[in-house]
Amino acid sequence: QVQLVESGGGLVQPGGSLRLSCAASRSILSFDAMGWYRQAPGNPRELVAFISNGGSTNYASSVKGRFAISRDIANNTVYLQMNSLKPEDTAVYYCNARRDWGSSWGQGTQVTVSS
C-alpha cells in the first residue's frame, strides 16, 4: 500500500506549461513503474506517460515531444512537465504506482487548458 498525492494542476492558456508532482509515501523504486494517466469528461482513462523502475520512459503519441516524465528518487516524487498545452489536454490527471500484483492511484488533479 502506498499513498500518492498529486499537485500542480490548474488553469492555463493554450501554449502554456504546467508541472505536475506525485508525492509517494514510500520509495518509488518499490514499484515496477510509475505513470501518469488522464481522464476527460466522456472519455476513458488513458495512459499519458510512464517511467519504469530502471528509468525507461514511454509516452502517448498525443503528448510525445510536449510532455516529459521524470523522477526524484531521493524525494519519492514523480513529475510530469507539460509544455505547449492544448485544450484537448484538459482532464483530471492521476498518478499511478504499479507492481506486478496490482497498482495504486492518487486522487487526481484537474488540468484545464482554456483561453
Side-chain angles (χ1 to χ4, degrees):
Q1 171 122 334
V2 62
Q3 294 177 350
L4 304 172
V5 180
E6 302 99 331
S7 61
L11 174 65
V12 296
Q13 294 183 345
S17 297
L18 283 174
R19 189 192 195 197
L20 305 184
S21 298
C22 173
S25 61
R26 65 175 64 182
S27 174
I28 59 178
L29 294 182
S30 298
F31 305 95
D32 298 321
M34 301 290 295
W36 288 96
Y37 291 72
R38 68 186 181 187
Q39 187 167 23
N43 292 312
R45 187 172 298 186
E46 64 176 354
L47 176 67
V48 177
F50 71 82
I51 184 166
S52 73
N53 179 277
S56 298
T57 58
N58 185 268
Y59 299 91
S61 60
S62 59
V63 307
K64 188 176 182 180
R66 298 188 298 120
F67 291 10
I69 188 169
S70 62
R71 62 186 181 181
D72 184 340
I73 294 173
N75 289 307
N76 298 347
T77 303
V78 176
Y79 302 98
L80 184 67
Q81 179 67 47
M82 305 186 295
N83 300 321
S84 302
L85 284 162
K86 305 174 181 180
E88 50 263 46
D89 295 318
T90 296
V92 178
Y93 284 70
Y94 298 91
C95 183
N96 175 262
R98 190 187 74 197
R99 291 279 290 172
D100 54 1
W101 43 262
S103 64
S104 298
W105 296 90
Q107 80 290 342
T109 185
Q110 176 71 48
V111 172
T112 302
V113 185
S114 177
S115 59

Could you report the tightest heavy-atom contact between Ala24 and Ile28, atom names first, then the distance?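 Smallest interatomic distance, heavy atoms only, reads CB-CG2, 4.0 Å.
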
In terms of ring plane angle, is the pair Trp105 and Tyr94 parallel, tilted or perpendicular, where the classes change at 30° and 60°?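 If you compare the ring of Trp105 with that of Tyr94, the planes turn out perpendicular.
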
Please list, chain by chain and in numerical order, all residues satisfying side chain to side chain donor-acceptor pair (under 3.5 Å) with [X], sequence neighbours excluded.
X	value
Thr112	Gln110
Gln81	Asn83
Asp72	Asn75

Sole residue of Asn76, Thr57, Leu29 in side-chain contact (heavy atoms from CB on, under 4.5 Å) with Arg71: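 So, applying the side-chain contact (heavy atoms from CB on, under 4.5 Å) to Arg71 and each of Asn76, Thr57, Leu29, only Leu29 qualifies.
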
Identified side-chain contact (heavy atoms from CB on, under 4.5 Å) counterpart of Met82 within the set Leu20, Asp89, Val113, Val48: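 Testing Met82 for a side-chain contact (heavy atoms from CB on, under 4.5 Å) against Leu20, Asp89, Val113, Val48 leaves exactly one candidate, Leu20.
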
Student check: side-chain heavy atoms of Trp36 and Glu6 closer than 4.5 Å: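 Yes. Closest side-chain heavy atoms under 4.5 Å.
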
Check whether Val92 and Tyr79 end up in the same hydrophobic cluster, where Ile, Leu, Val, Met, Phe, Trp and Tyr are linked by side-chain heavy atoms less than 4.5 Å apart.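 In one cluster: no.
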
Hydrophobic clusters here meaning ILVMFWY residues chained together by side-chain heavy-atom distances under 4.5 Å, can you tell me if Phe50 and Tyr37 are in one?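 Looking at the clustering, Tyr37 is in the same group as Phe50.
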
How many angstroms lie between CG in Asn96 and CE in Met34, if you round to the nearest 0.5 Å?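 Between atom CG of Asn96 and atom CE of Met34 there are 7.5 Å.
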
Between OG of Ser104 and CZ of Arg99, what distance do you get to the nearest 0.5 Å?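 So the OG of Ser104 and the CZ of Arg99 are separated by 10.5 Å.
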
